[in-house]
S.K.: 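Mind having a look at this structure? Questions to follow.
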Amino acid sequence: MSKEIIAKKAAIVEEVVEKFEKASSVVVVDYRGLTVEEVTNLRKELREAGVEMRVIKNTYLKRAADKAGYEGLDDTFSGPTAVAFADEDVTAPARILSKFAEDHEALEIKGGMIEGKVVTLEEIHALAKLPNREGMLSMLLSVLQAPVRNFAYAVKAVADSKEDDAA
């Protein structure tokens with residue numbers, strides 16, 4: 001092999017290592033059996049959620065995962081493999097790919113990584129059931145507002161009862 005080819009392959013591996021290190025979550029899938037149109041629709045949906053899906057050779061993925069320090073992903077890098085990288089919304093790739101896999105049996109989720117930890121298929125499906133970042137923030141706000149709202153109702157009830165007593 002020429003030094004030029006080896007350098008190109010090393011550059012690809014380095015790029016994938018960078019993606020692994022930068023990603024908040026990574027989901028590995030087998031896309032065999034999907035039509036071009038289905039893959040295009042899936043990529044579009046992922047891209048709209050800020051997720052990048054790429055088809056990368058398994059040897060590059062194995063080397064990059066080892067170099068990035070993610071052991072346990074080697075088993076997922078077999079057969080036709082596509083990888084979804086999410087930098088911001090941790091739940092986005094799991095949520096979108098799980099939903100897509102329900103509608104398209106050909107898509108198989110193999111495994112992944114969340115916040116630097118290799119996770120099982122069950123953990124990915126559990127993550128997929130969580131709402132997105134905005135949904136979680138909305139839930140948090142409603143939880144934080146509840147005590148204030150309840151206090152306000154109590155004060156109003158006391159004021160109403162004193163008003164009734166005065167009348």
Side-chain angles (χ1 to χ4, degrees), residues 1-140:
M1 236 189 263
S2 74
K3 290 183 181 182
E4 188 177 303
I5 293 172
I6 292 172
K8 283 182 181 178
K9 289 181 179 184
I12 292 170
V13 169
E14 283 304 315
E15 181 185 347
V16 176
V17 167
E18 199 175 294
K19 289 203 174 294
F20 271 123
E21 290 173 345
K22 196 170 116 180
S24 59
S25 68
V26 175
V27 177
V28 181
V29 297
D30 180 348
Y31 61 93
R32 187 179 15 201
L34 292 177
T35 65
V36 173
E37 184 181 353
E38 290 170 336
V39 172
T40 303
N41 291 338
L42 175 60
R43 282 180 186 257
K44 181 179 181 254
E45 193 174 341
L46 288 166
R47 194 172 33 255
E48 288 171 355
V51 179
E52 178 187 2
M53 184 170 126
R54 291 188 52 193
V55 176
I56 304 170
K57 283 187 170 186
N58 291 325
T59 53
Y60 298 156
L61 288 170
K62 286 178 185 177
R63 286 187 180 143
D66 289 342
K67 202 168 186 179
Y70 300 123
E71 296 177 16
L73 282 175
D74 285 356
D75 295 340
T76 61
F77 302 138
S78 62
T81 303
V83 184
F85 298 97
D87 296 339
E88 294 175 17
D89 189 357
V90 178
T91 64
R95 191 178 63 255
I96 293 168
L97 290 168
S98 290
K99 183 177 177 276
F100 198 86
E102 287 174 8
D103 300 335
H104 303 85
E105 291 180 17
L107 184 73
E108 175 193 348
I109 298 175
K110 296 180 180 182
M113 184 265 313
I114 299 168
E115 296 291 340
K117 179 182 169 255
V118 176
V119 293
T120 64
L121 191 57
E122 291 78 27
E123 290 171 309
I124 290 173
H125 287 302
L127 182 67
K129 292 177 183 165
L130 294 175
N132 62 6
R133 185 175 191 278
E134 288 77 26
M136 286 187 200
L137 288 174
S138 146
M139 290 167 63
L140 176 65

S.K.: Which pairs would a plain distance check flag for residues 40-58, meaning a side-chain donor or acceptor within less than 3.5 Å of a matching protein atom at least two apart in sequence or in another chain?
M.R.:
residue, atom, partner, partner atom, Å
T40, OG1, V36, O, 2.7
N41, ND2, E37, O, 3.3
R43, NH1, M53, O, 2.9
K44, NZ, E48, OE2, 3.4
E52, OE1, K19, NZ, 2.7
R54, NH1, E15, OE2, 2.8
N58, OD1, T81, OG1, 2.8
N58, ND2, G79, O, 2.9

S.K.: Kindly indicate whether the side chain of E123, heavy atoms from C-beta on, has any atom under 4.5 Å from the side chain of T120.
M.R.: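 E123 reaches T120 side chain to side chain.
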S.K.: So if I apply the side-chain contact (heavy atoms from CB on, under 4.5 Å) rule between S25 and each of V119, I124, I114, which one comes out positive?
M.R.: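 Exactly one option meets the side-chain contact (heavy atoms from CB on, under 4.5 Å) with S25, and it is I114.
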S.K.: Assess whether atom CD of E18 is packed by more than 12 heavy atoms of other residues, nucleotides or ligands within 6.0 Å.
M.R.: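 No, the 6.0 Å shell around CD holds no more than 12 heavy atoms from other groups.
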S.K.: Hey, could you give me the OG1/CE distance between T76 and M113, rounded to the nearest 0.5 Å?
M.R.: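 Output value for this atom pair is 11.0 Å.
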S.K.: Is the closest side-chain heavy-atom distance between F100 and E38 below 4.5 Å?
M.R.: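 F100 vs E38: side chains touch.
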S.K.: Taking all non-hydrogen atoms of both residues, which atom of Y70 and which atom of G116 are closest, and how far apart?
M.R.: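 So the two residues come closest at CE2-O, 3.4 Å.
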S.K.: Determine the minimum heavy-atom distance between A64 and V13, stating which atoms define it.
M.R.: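 Shortest heavy-atom contact: CB-O, 3.8 Å.
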S.K.: Kindly state each residue pair satisfying salt bridge (Lys or Arg N to Asp or Glu O under 4.0 Å) with at least one member in residues 97-115, sequence neighbours excluded.
M.R.: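 Sorted pair list comes back empty.
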S.K.: Out of curiosity, L73 CG to F20 CZ, how far, rounded to the nearest 0.5 Å?
M.R.: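 Spacing of CG (L73) from CZ (F20) equals 6.0 Å.
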